[in-house]
There are 2 protein chains.
Amino acid sequence: MRPKYTTIKDIAKALDISVATVSRALRDTHDVSPETRDKVLAVAAALNYKPNFNATGLVHQSTHHLGVLIPTITNYYFSTVITGMQEVAHQHGFNLVLYLTNDSPEREQRIVQNLVRTSLDGLLACVSSRAAEYNHFQELLDESMPLVFFDRVPDDTIKTSKVVQDDYEGAFKAVEHLIQSGYTKIAHITGPKGLQLTENRAQGYLDALRKYNLPVRSDWLIYSGFSQQEGEMDAEKLLESRDRPDAVFAVNDRKAVGAILVLKRKGIRVGKEIGVMGFTNDPISEIVSPTLSTVAEPAYELGRASCQLLLNQLKKNTFVQEQVVLRSQLVARASTQRI
Amino acid sequence: MRPKYTTIKDIAKALDISVATVSRALRDTHDVSPETRDKVLAVAAALNYKPNFNATGLVHQSTHHLGVLIPTITNYYFSTVITGMQEVAHQHGFNLVLYLTNDSPEREQRIVQNLVRTSLDGLLACVSSRAAEYNHFQELLDESMPLVFFDRVPDDTIKTSKVVQDDYEGAFKAVEHLIQSGYTKIAHITGPKGLQLTENRAQGYLDALRKYNLPVRSDWLIYSGFSQQEGEMDAEKLLESRDRPDAVFAVNDRKAVGAILVLKRKGIRVGKEIGVMGFTNDPISEIVSPTLSTVAEPAYELGRASCQLLLNQLKKNTFVQEQVVLRSQLVARASTQRI
DNA sequence: AAAAGTTGCGAGAACGTTCTCGTACATGCT
DNA sequence: AGCATGTACGAGAACGTTCTCGCAACTTTT
């Protein structure tokens, strides 16, 4: 059986004063004399007093918990984002509560609908990749739950704040790098249709091709999922196409790694014959052979910014729709070297 | 401003009955007629009622939150463990609250000491690798906080439940595999001294060597950290030693990958000249070239088991010290092939 | 028909905290 | 001296639940 922890009442009893005074003293309000305040603090320390979050939460309609809704944490990008969030949350006395959707829209919906509103002050959310609709998030907003989306954000029907990286510019720079490295027949293997992130990167890809008057072929733009396995499948499909591309730009490093593995398996020299470019700058990009050129995403910073934005909204207590875009950076490695 | 959510009182008012009856109806207690219960449930659903965790927590001295204290989540093993925990917790209506120590003993200590006891029903903990003492955990136990350690567990001075993998057997099998693959001069690069996990694997390594009458050399057993970078440093040290080993068994895959990178950089053929063996079965072990032989850890299962153990303790409400050991499995790949 | 048991429900306290109001006393001003 | 103002504190309600009693209204037993 858990013992009772020391409460404000115990302190009051010990000093023979009222609980109200103790409460004031602990929160350092003006309406208390320095002497009593010091006495209270001394006794509180002696009795190892810790405030009861359930009680404070009850009266303030608030906990110190922020929810993080995310498809999975078993990859570099997402776990780094969370680490950034944790850093900011922790600094401000907030805790992070984890909700994993396993990238399943149904599970995401179930979790959001069953969210106990009163146990969360706000939510940081990254939608699942095959999301069809966002009503469950709209419900949350209708109940005035502070909500910030990050990375995979829903379309503009949901009026709320978002934090993303410059997916369009990142993709544009990536393709430009491929072009400047001498590749001319550039394919793009990406995630599911309908996701802003995917569409923005695809648009950057297309616009870069057009700027340099390079061929745009519909069978060189493949939508599927985000996994390494799907990267392998997409790469195989590209190799079968009649007009084989000489470079592949993948929506993320895992798909790029999948492509590299397929090329190596077929005896195609990565870089020399077919260039490969990723997106993320997962540590794996330095380990895979050849090392993978990629676009470094500011994962940690994105986590920090998302959390900071949410906390700001909580502070102000008024709803403002903000959008933060963080810059990515090109990292050239061996997989895009022709010689 | 957040609006007020529907409470039990609203339901009571709507049906003109007492809050006590509503409370009973919602929890399906015997002392309520089927008709009123159905009416209450109907109204509750209509008003989208969600219980207030702060209130229930206050009266029950419990939240539905479990803490997870862990050095970092940006690696395959830890993030998979958490995914397993999340699965079990979620099934039982519990939430996971994340605490990252960044593998810093000071930060770990600060977090544990400042843990608001009343906002957590129990704690799952993995100690930081350079931990010197465990008093802060003892304090937690003294206050009857249910506590389960996993993976990196403290020594036996702390009387509490633990969940680990069979580190000794796993290491023994790994070294046995190296020996059976034809390697005879086997080194071990491992984590910091004093950690049970490290010592158990080191002991498995030593016992395997002794069983097969192979040389045991003190400069072939290097203690350092768990990172890839430290793996590289350790490998370089081994290559400089007068009697160069012909195989390296690393305490985890990241260090093994570090070793492989060093060997490749020096033009040494991994497998043929020097065999490399890891521990974890990180997905990277299939991507690195050559692919890495390793010992597959039951990360997901370990997460599940730890959480289950903690929940069991909460249920019974009595303290029992249990220890769960999960089996690991050998995975042979290219990095231990001599031909 | 009276006694005993059962069933369904309500009143009110409790959990630990904050907040509003009230009050006793001291101090400042005319 | 008389009044306003300020200071330090206490009493008690409130937050949303659960839990312990108690009490009617039935039902069963004798």
Side-chain angles (χ1 to χ4, degrees), chain A residues 1-41 43-44 47-65 93 116-121 143, chain B residues 1-41 43-44 47-65 93 116-121 143:
Chain A
M1 200 54 213
R2 305 275 293 272
K4 282 202 295 294
Y5 298 109
T6 53
T7 73
I8 222 174
K9 288 183 186 175
D10 300 326
I11 304 179
K13 215 170 289 169
L15 289 170
D16 199 29
I17 56 178
S18 77
V19 288
T21 308
V22 177
S23 172
R24 278 187 291 248
L26 288 173
R27 278 168 304 129
D28 203 17
T29 321
H30 49 287
D31 255 18
V32 63
S33 72
E35 303 89 58
T36 35
R37 198 199 52 207
D38 291 348
K39 274 193 284 185
V40 167
L41 292 183
V43 174
L47 297 180
N48 192 24
Y49 168 78
K50 304 261 168 60
N52 186 317
F53 272 18
N54 286 320
T56 58
L58 232 201
V59 8
H60 283 142
Q61 308 281 34
S62 90
T63 59
H64 272 197
H65 292 296
V116 178
R117 271 65 168 162
T118 48
S119 77
L120 240 42
D121 289 355
E143 299 182 44
Chain B
M1 200 55 213
R2 304 274 294 273
K4 282 204 294 293
Y5 298 109
T6 53
T7 73
I8 223 173
K9 288 183 185 176
D10 301 326
I11 303 179
K13 215 169 289 171
L15 290 169
D16 199 28
I17 56 178
S18 76
V19 289
T21 307
V22 176
S23 172
R24 277 187 290 248
L26 289 173
R27 279 169 303 128
D28 204 18
T29 321
H30 49 289
D31 255 17
V32 63
S33 74
E35 301 90 60
T36 35
R37 198 199 52 208
D38 290 348
K39 273 193 284 184
V40 167
L41 292 183
V43 174
L47 297 181
N48 193 24
Y49 168 77
K50 303 262 168 59
N52 186 316
F53 272 17
N54 285 320
T56 57
L58 233 201
V59 11
H60 282 141
Q61 307 281 33
S62 90
T63 61
H64 271 197
H65 293 296
V116 178
R117 270 64 169 164
T118 48
S119 77
L120 240 43
D121 289 356
E143 298 182 45

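When reading the values below, keep in mind they use all heavy atoms of this one structure, side chains included, and skip hydrogens, waters and symmetry mates. Chain naming here is simple, since letters A, B, ... match the order of the sequence lines and numbering starts at 1 in each.
Note on A:T21: a side-chain N or O is less than 4.0 Å away from OP1 or OP2 of D:dG10. When the side-chain nitrogen and oxygen atoms of A:K9 are compared with OP1 and OP2 of C:dC15, one or more of them lie within a distance under 4.0 Å. The side chain of B:S33 contributes an N or O atom lying less than 4.0 Å from OP1 or OP2 of C:dC9. In this structure, A:R37 does not reach the D:dA8 phosphate: none of its side-chain N or O atoms is under 4.0 Å from OP1 or OP2. Between D:dT17 and B:S23, no contact under 4.0 Å exists linking OP1 or OP2 to a side-chain N or O. Contact annotation: B:S18 side-chain N/O to C:dG10 OP1/OP2 distance is under 4.0 Å. Note on A:T56: every side-chain N or O is 4.0 Å or more away from OP1 and OP2 of C:dT17. OP1 or OP2 of C:dC19 sits under 4.0 Å from a side-chain N or O of A:R27. Between C:dG8 and B:T36, no contact under 4.0 Å exists linking OP1 or OP2 to a side-chain N or O. A:Y49 has a side-chain polar atom (N or O) that falls below the 4.0 Å cut-off from OP1 or OP2 of C:dT17.
Side-chain N/O atoms of B:S23 and B:R27 include a donor and acceptor closer than 3.5 Å.
Toward the 5' end of DNA chain D, the nearer of the two residues B:P51 and A:A20, judged by each one's closest nucleotide, is A:A20.
Taking atom CZ on A:R117 and atom P on D:dG16, their separation rounds to 16 Å, with Å as the unit. In this entry the distance linking CZ of A:F53 with P of D:dT17 reads 21 Å, nearest Å. In this entry the distance linking CG of A:L58 with P of D:dT18 reads 12 Å, nearest Å. Put simply, CD on B:Q61 is 12 Å from C1' on D:dT18, counting in whole angstrom units. Atom pair B:D31:CG and D:dC19:P shows a separation of 12 Å (rounding to whole Å applied). Atoms CD1 (B:I17) and C1' (C:dA11) sit 14 Å apart, rounded to a whole Å. Straight-line distance from the NZ atom of B:K13 to the P atom of D:dT17: 13 Å, rounded to whole Å. Rounded to whole angstrom, the span from the CG atom of A:N54 across to the C1' atom of C:dA14 amounts to 14 Å.
Within the 3.5 Å criterion, the main-chain N or O of A:G93 finds a donor-acceptor partner in the side chain of A:H64.
Counting only heavy atoms from C-beta outward, the side chains of B:K50 and B:Y5 never approach each other to under 4.5 Å.
Each of B:L26, B:V43, B:V40 was scored for a side-chain contact (heavy atoms from CB on, under 4.5 Å) with B:Y49, with one residue passing: B:L26.
Residues that satisfy the salt bridge (Lys or Arg N to Asp or Glu O under 4.0 Å) test with B:R24, not counting sequence neighbours, are absent from this structure. For B:S62, the side-chain hydrogen bond (donor to acceptor under 3.5 Å, both in side chains) criterion is met by no residue, not counting sequence neighbours.
Comparing the start and finish of the helix from C:dA1-D:dT30 to C:dT30-D:dA1, five pairs each, the helix axis swings through 50°, to the nearest 10 degrees.
In the interface, the side chain of A:R24 is paired with the base of D:dG10 through a donor and an acceptor atom under 3.5 Å apart.
For the residue pair A:N54 and B:T118, the shortest heavy atom distance occurs at ND2-O, 3.5 Å.
Within 4.0 Å of B:N52, counting heavy atoms only, lie sugar-phosphate atoms of the nucleic acid but no base atom.
A distance of 9.5 Å separates CG in A:L41 from OG1 in A:T36, rounded to the nearest 0.5 Å.
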